There are 2 protein chains.
Amino acid sequence: MSAALNPAERGCGATLQEQAYQSLRTAIMCGRFVPGHALTIRGIAEMLGTSLMPAREALRRLVAERALELLPNRRVSVPKMTPARLEELAAARLALEPLAAVRALPAIDTECLTQLQRIDAEIDAALAAGEVERYLLKNQAFHLTLYRAGHSQVLIPLIESLWLQFGPFMRMMLGRIGASYVLDRHVEALDAITRRDALALRLAIEGDIRDGMGSIGQEELLRLYRAGS
Amino acid sequence: MSAALNPAERGCGATLQEQAYQSLRTAIMCGRFVPGHALTIRGIAEMLGTSLMPAREALRRLVAERALELLPNRRVSVPKMTPARLEELAAARLALEPLAAVRALPAIDTECLTQLQRIDAEIDAALAAGEVERYLLKNQAFHLTLYRAGHSQVLIPLIESLWLQFGPFMRMMLGRIGASYVLDRHVEALDAITRRDALALRLAIEGDIRDGMGSIGQEELLRLYRAGS
DNA sequence: TCCGGCAGATTGTGATCACATTGTCACGAA
DNA sequence: TTCGTGACAATGTGATCACAATCTGCCGGA
């Protein structure tokens, strides 16, 4: 676990607690922490080479954002995924992300669109190369770049919280079903954006979420759940 | 501002930072902090009679939950409401709360229903007595009791974050339009629950949100915005 | 009158330490 | 062997302090 954090991912201009937060956040989003694993303040501090304070603040912030879990023992751990929680996450994503996408649609200019196309190309490249971690980061970048175009101050943080909760599990999922199976719904979204078709964009985002969250059958989900607990 | 916090609202069994968080959270939800007001760590610590640490943790947690705002100066302040943000909050509430209500509907037993009816009676009493703060707390209790019946681990925190963001502004709104104007959509919801009518429940919650968020006309909203800034 | 700059006060950040609670593991009795 | 029980280690919480950045108010010059 000591190699879980890449020092290069730590920012340099912000405070130490911000750097610690970004490091942990990226690690969580990439699924580098196995669900159920306990994270200690001193362990994180040593891992990042800081004192207790930045590690403590970063951990508590991630707990507040529901990326980490605060056990009754006051210890912090990576939450385990349950079938009920996964289903809830899918429902929440379906409620928020198509809404954010449609609201952002009028604000997407050509510059933003080309950026989205570039990210999509990187996604395809990552998939072709089998680079799971890069795929996860770029897939997240695609969605958040799209939603952020609407400059939502409210929806974006909610969606980011959902992705933080779903991130660790997506890595497990991809490892099981294989990254090659992932099909690219993003081209449909890009096509809908160029046509300024709100309904098509909504359907594309919905389809992408359903593909991502529902590609595992219920039986496999239960098996993962039992194996995880 | 020193009388903003009621010591009786501070819990006794939890950690100091948890007590500080609950105190601040209640104060924010009741709108006791005016938007734009700056909150300092030392000020909160002195207000609560603790050292810097619990105040710091509570403030940062509320920032993470979007109840408070972190200015570029690294100072914490109560966010000002803008027309765009209010509209976004309404959209997010409309996306999440009817969903949470419908999902909770099958799990609402008679005990929960009677509790909801009791809370609704308290809401009416608070409205009749003109007790704004009690109305705000009980109105929040009604919604969250309803949603919590579904034992959502994902939707509830998202909705709580939205209420934390909307709370300070609701107090201002009620002060302007007068509490007597508020009409009670909760009876429709209770009726839908007893009939196990999911669609009617969805419509009742949607109506309640629209009444609450839209009762101010756009012109008054703009006036408030300009006055606030 | 107005604007720039300087000194003091205020504030957030980070580090370090003390302490109570909890977890861990070996030892010994049933 | 198995289950308590004790001591030791590990951990979170909270307090206090140092320091750099920021804010505030005053003064002097244009």
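Only a predicted model underlies this, so the values are computations on that prediction, with no experimental measurement involved.
One N or O on the side chain of A/Arg171 and one on the backbone of A/Cys30 form a donor-acceptor pair closer than 3.5 Å. The main-chain N or O of A/Met53 is never found under 3.5 Å from a side-chain atom of A/Gln17 such that the two would form a donor-acceptor pair.
Regarding B/Gln17, its CD atom lies at a distance of 10 Å from the P atom of D/dA15, rounded to whole Å. Counting to the nearest Å, the P atom of D/dA15 and the CG atom of B/Leu48 are 11 Å from each other. Put simply, CZ on A/Arg42 is 14 Å from P on D/dA9, counting in whole angstrom units. Here C/dC19 presents its C1' atom at 14 Å from CG of A/Leu52, a figure rounded to the nearest Å. We find that CG of A/Leu59 is positioned 11 Å from C1' of D/dG12, with the value rounded to whole Å. In this structure, B/Leu39 atom CG and D/dC23 atom C1' are separated by 17 Å, rounded to whole Å. One atom, CG of B/Leu16, and another, P of C/dA18, lie 20 Å apart when rounded to the nearest Å. If you measure from atom CG of B/Leu68 to atom C1' of C/dG12, you get 15 Å, rounded to the nearest angstrom.
Applying the 4.0 Å criterion to OP1 and OP2 of C/dA20, one finds that A/Arg74 has every side-chain N and O outside that range. The phosphate of D/dT11 has neither OP1 nor OP2 within less than 4.0 Å of any side-chain N or O from A/Arg56.
Side-chain atoms of B/Tyr21 and B/Glu65 include a donor-acceptor pair closer than 3.5 Å. For the residue pair B/Gln153 and A/Arg66, no side-chain donor N or O sits within less than 3.5 Å of a side-chain acceptor on the partner. Judged by distance alone, the side chains of A/Glu111 and A/Gln115 never bring a donor and an acceptor atom under 3.5 Å apart.
Proximity note for A/Arg60 (side chain, C-beta onward) versus C/dA15, D/dT13, D/dT16: the nearest is D/dT13. Distances from the side chain of A/Ser51 to the nucleotides C/dG14, C/dG12, D/dT11 place C/dG14 closest. Of the candidate nucleotides C/dG12, D/dT13, C/dG14, C/dG12 has the atom lying nearest to any side-chain atom of B/Ile41.
The only member of B/Arg148, B/Gln140, B/His143 that meets side-chain hydrogen bond (donor to acceptor under 3.5 Å, both in side chains) when paired with B/Glu160 is B/Arg148.
B/Ala45 approaches B/Ser51 most closely through the heavy-atom pair CB-O, 3.2 Å.
Annotation: of the two residues near DNA chain C, B/Gly43 and A/Pro54, the 5′-most nearest-nucleotide partner is B/Gly43.
In this structure, B/Glu57 reaches neither bases nor backbone, as no heavy-atom distance under 4.0 Å exists between it and the strands shown.
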Below 3.5 Å is the cut-off: list the nitrogen or oxygen pairs between protein and nucleotides 21-25 of chain C, distance only.
from: C/dG23; atom 1: OP1; to: A/Asn73; atom 2: ND2; distance (Å): 3.3

